[in-house]
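To start, the structure under review is shown below, and the notes come after it.
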Protein chains: 2
Amino acid sequence: MPNRGKVYLVGAGPGDPELLTLKARRALDEADVIVYDRLVSKEIMDLIPPGTPRINVGKQPRSHHVPQGEINELLVRLARLGRRVVRLKGGDPYLFGRGSEEAAYLRRHGIVVAAVPGVTSASACAAALGVPLTHRGYANGVRFITGHCCAANELDDDPRPLHGPRQHLPGIDQAGRQRTLADDPGGGDLRRHPA
Amino acid sequence: MPNRGKVYLVGAGPGDPELLTLKARRALDEADVIVYDRLVSKEIMDLIPPGTPRINVGKQPRSHHVPQGEINELLVRLARLGRRVVRLKGGDPYLFGRGSEEAAYLRRHGIVVAAVPGVTSASACAAALGVPLTHRGYANGVRFITGHCCAANELDDDPRPLHGPRQHLPGIDQAGRQRTLADDPGGGDLRRHPA
């Protein structure tokens, strides 16, 4: 019998449970196990059926993150046990976060992966504040950049030239370099949100 | 008695009804009238309760679009009649489309406006194709630009410099200049989708 194990990379959106997609909500209802991180809100975690096991890979007891390699191995192990695994991530799984690294690792190990997109926090902030990301005649495009980088690969973006003509630079993902960018007067109005 | 009329700018997402947010779905269920355009899929329109009036402002009988000024006036008129109006737009209401223009006009006329963000098509395409928008070490940011501009304000973006180091340029909104950009070998891989 084929192994029905599968990993769903699910975007939880910006935190408001009402901004989950119908598909994400269904994935939570049907999951055998949820693997989640610190950018998923308590309100969303509260929607998960009480009997569904959940594994927090965002923080360990002494505030250490679970290394990415361990998360990858955990997802493979659960899928090989035949579980429907929901890997729940703040924002959108393929916009920042490490959804694509996890998907690539899983596929290399023969695990079936599906992704459920989510509302990005930039969109949610724009809607909440009434500040558009684009506006004809003022901004005909928008850029999302990370404020965080892996050790092997320094950010090569100086934030100043990112302010192109009529291009908005609305937000920055994650912690890391956030203060550096926010302190730079060319760095725009930077907030900390999941993607 | 205060007028309860209000306009909800609702992002319908990329077309799959399952990628509506729970909040968008509720707005459709509770609306007194739906004003929608051509980028909203038939499958999503089919979710609207059969008794809810709907107004298509995407095309008129002889394939003319309703001018933006008329859409703005229609929304004001419906809200002043005390209606809960859902202005349903493809993708995200504040990322391309003209959500921000409509919101500004409505607010200038004293109408209460709320926005419900949606999944952008770029996220949905990334999820469907398994191609991430960002990936550590390869792309630490992403740009969304329009391929369309208003007559008074030409696009001043040459697409070539938009390919910064480790920046993805995944998609283009609307029709308009699409072919020009797609034919440009520096213009990236451009698809036609709602924002």
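Chain letters run A, B, ... following the sequence lines, proteins first, then strands; residues in each count from 1.
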With a 4.5 Å heavy-atom cut-off, do B:T21 and A:L20 have their side chains touching?
no

Is it the case that one hydrophobic cluster holds both B:V40 and B:L28, taking links as side-chain heavy atoms less than 4.5 Å apart, direct or via other members?
yes

With hydrophobic residues grouped by side-chain heavy-atom distances under 4.5 Å, do B:V57 and B:L88 end up in a single group?
no

Choice from A:P117, A:A115, A:P17 maximising heavy atom contacts with chain B below 4.5 Å:
A:P117

How about A:D16 and B:K23: do any of their side-chain heavy atoms sit closer than 4.5 Å?
yes

Would a hydrophobic clustering, with Ile, Leu, Val, Met, Phe, Trp and Tyr connected at side-chain separations under 4.5 Å, put B:Y94 with B:V85?
yes

Are B:L19 and A:L22 close enough that some pair of their side-chain heavy atoms sits under 4.5 Å apart?
no

Given the rule that I, L, V, M, F, W and Y join up when any side-chain heavy atoms are under 4.5 Å apart, are A:I71 and A:I111 in one cluster?
yes

